[in-house]
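Quick caveat: nothing in here was measured; it's all calculated off a predicted structure. Naming convention: chains lettered A, B, ... in sequence-line order (proteins, then strands); numbering from 1 in each chain. Note that these values count all heavy atoms, side chains included, but never hydrogens, waters or copies made by symmetry.
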There are 2 protein chains.
Amino acid sequence: MDNVSEMPSGASSSRIYETLRKDLVRGRFVAGEKLAINALKAHYDVGLSPLREALNKLAAYGLLVQENQRGFSVPRLSREELEDIAHLRLELEGMAFERAVERGDDRWEASLLAAAHRLKRADKTVDKGDVWEQLHTQFHRTLVAPCGSVWLIRFIEQLHDQFDRYRRLGPNPPLIRQALDDQHHELVELALKRDAQAARALMDDHIQKSFEVALAHYQQHT
Amino acid sequence: MDNVSEMPSGASSSRIYETLRKDLVRGRFVAGEKLAINALKAHYDVGLSPLREALNKLAAYGLLVQENQRGFSVPRLSREELEDIAHLRLELEGMAFERAVERGDDRWEASLLAAAHRLKRADKTVDKGDVWEQLHTQFHRTLVAPCGSVWLIRFIEQLHDQFDRYRRLGPNPPLIRQALDDQHHELVELALKRDAQAARALMDDHIQKSFEVALAHYQQHT
DNA sequence: GCTTCGAGAATAATCGATTTTTTTATAAAA
DNA sequence: TTTTATAAAAAAATCGATTATTCTCGAAGC
């Protein structure tokens with residue numbers, strides 16, 4: 001554990017959950033590492049109870065592993081799991097986007113354009129904090145928002161967090177960002193054209209590309 | 001809250017989680033009900049900390065709703081959600097079963113036959129406890145076990161628990177059981193024949209039938 | 001040398017009590 | 001009558017301390 005976020009000031013319970021979740025996704029903890037609860041308590045400056053409740057939630061969510069009487073640890077990474085996650089993202093996000101394209105209304109079109117624009121803007125500026133990451137997450141959220149299935153969205157977000165544990169192992173240099181961002185705009189275009197088939201195909205390709213980036217990072221990392 | 005399970009004796013932490021999970025799935029709590037923590041504490045005879053940790057996990061899992069400073073409650077039911085869950089089950093379980101049929105080995109075939117047999121046996125005897133339910137869950141678990149995706153299995157089980165909140169609103173009379181159980185055996189047959197296409201089609205039909213049963217219970221119930 | 005054992009230290013889990021927040025009940029004001 | 005204000009009660013969240021379990025490391029036995 002090192003270099004983890006400062007806690008935002010304010011109420012504690014869900015705050016610590018969100019902070020930890022982000023730090024886990026960002027890779028601020030080493031995969032496989034056992035969490036020292038007292039260290040967390042000290043670092044994030046929270047009490048034991050809220051902290052443990054957050055850890056329990058994160059374990060149920062799949063960002064931590066809880067072992068019987070031996071605390072919490074960060075799940076290990078494996079190529080097999082990355083492939084599993086990417087493949088499922090392909091299936092689920094493809095399905096969701098296809099449905100979104102069929103069902104989304106004009107307000108959706110507007111929010112898509114907005115999200116894509118903001119993302120492109122962030123692309124060009126130097127990234128203070130995780131602005132690009134946040135906007136990227138928001139963009140993908142928007143893509144599938146009107147798919148009509150609350151549970152599908154839930155699973156997709158869960159998979160995104162898992163996927164990002166791999167993708168964010170390495171840097172996200174401008175060139176790769178650029179390439180992915182081009183696809184983001186194409187996705188918007190196809191959505192506006194209401195071409196569900198092509199939209200899905202491109203989504204598949206987009207996830208495939210992301211997978212390759214993440215895999216490279218993973219292999220570098222080990 | 002009424003008529004909930006007695007706690008099995010033994011260690012507390014994960015025990016209370018499992019007990020609560022089962023009681024939620026069984027419908028021992030009324031949908032929408034706010035949980036009185038002190039009452040739970042007294043009934044299950046556990047301390048506050050393990051109880052709260054279990055509730056937090058269940059909320060992350062989707063069997064409870066946690067509201068800011070006002071505790072936990074049982075999620076409401078809706079026809080829309082039931083349709084959502086059933087539809088996703090169709091997609092995910094179909095996908096998983098198809099893959100399982102392609103990838104399962106002879107040990108899988110054996111365990112399938114075993115699970116189906118045990119389920120049929122339980123069918124004929126009077127159901128003490130939830131023997132049939134347990135075996136039914138186990139059977140479906142076995143069907144998709146060799147699909148090769150840990151995350152897919154995880155989501156499917158989560159959806160099963162959600163689906164069962166609806167399906168178990170009403171009784172499960174012998175006639176319906178019989179009909180569903182016939183399909184279980186057909187599923188096994190197609191799996192042994194390695195007919196992935198037909199297997200998936202039948203799985204779709206099976207889930208559709210279950211959905212109709214669950215929907216009837218839901219409509220009766222409101 | 002290698003394994004097994006056990007005492008002490010470290011850590012996890014749990015408890016009981018306190019603090020904070022929400023809900024309820026009652027009464028005053030509009 | 002309805003709304004607003006407020007005090008008391010209830011409930012949720014959190015804290016500090018205790019208990020139970022696991023881990024560490026050195027010594028004894030094989």
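Separation of the H117(A) and H184(A) ring centroids does not fall under the 6.0 Å cut-off.
Put simply, CD1 on I37(A) is 16 Å from C1' on dA17(D), counting in whole angstrom units. The CZ-P distance, from R52(B) to dA11(D), rounds to 14 Å in whole Å. Atom pair L55(A):CG and dA12(C):C1' shows a separation of 12 Å (rounding to whole Å applied). As a whole-Å value, the separation of L51(A) CG from dA13(C) C1' is 13 Å. We find that NZ of K34(A) is positioned 13 Å from C1' of dT24(D), with the value rounded to whole Å. We find that CG of L40(A) is positioned 12 Å from P of dT11(C), with the value rounded to whole Å. As rounded to whole Å, 16 Å separates atom C1' of dA13(D) from atom CG of L35(B).
Residue-to-nucleotide proximity on DNA chain C shows that, of G71(A) and S49(A), the 5′-proximal contact is made by G71(A).
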Residues F72(B), R52(B); criterion side-chain contact (heavy atoms from CB on, under 4.5 Å); working and verdict: CA-CA 10 Å; F72(B) 299 84; R52(B) 283 189 59 88; 4.3 Å; yes
Are L119(A) and H136(A) close enough, and set up right, to give a side-chain contact (heavy atoms from CB on, under 4.5 Å), and what steps lead you there? CA-CA 6 Å; L119(A) 184 56; H136(A) 182 243; 4.0 Å; yes
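In the helix from dG1(C)-dC30(D) to dA30(C)-dT1(D), the rotation axis of the first five pairs and that of the last five pairs differ in direction by 20°, rounded to 10 degrees.
Taking 4.0 angstrom as the limit, R70(A) places none of its side-chain polar atoms (N or O) nearer than this to OP1 or OP2 of dT11(C). Between K41(A) and dC15(D) there is no side-chain polar atom (N or O) within less than 4.0 angstrom of OP1 or OP2.
Within the 4.0 angstrom heavy-atom criterion, base atoms lie near L48(A).
Of the candidate nucleotides dA13(D), dC15(D), dA12(C), dA13(D) has the atom lying nearest to any side-chain atom of F72(B). The nucleotide whose nearest atom lies closest to any side-chain atom of Q69(B) is, among dT21(C), dT14(C), dT14(D), dT21(C).
Of the N and O atoms on the side chains of Q162(A) and Q158(A), not one donor lies less than 3.5 Å from an acceptor on the other residue. Using modelled atom types, one finds a donor on one side chain and an acceptor on the other under 3.5 Å when comparing H140(A) with E93(A).
With Y61(B) as the aromatic partner, R21(B) does not meet the cation-pi criteria of under 6.0 angstrom to the ring centre and within 45 degrees of the ring axis. At least one cation-pi condition fails for R79(B) and Y218(B): the charged atom is not both under 6.0 angstrom from the six-membered ring centre and inside a 45 degree cone around its axis.
Between I85(B) and Y166(B) there is a side-chain heavy-atom pair separated by less than 4.5 Å. Using a 4.5 Å heavy-atom threshold, the side chains of L143(B) and M203(B) count as touching.
Listed by residue number, the members of residues 56-68 of chain A with any heavy atom below 4.0 angstrom from DNA chain D form an empty set.
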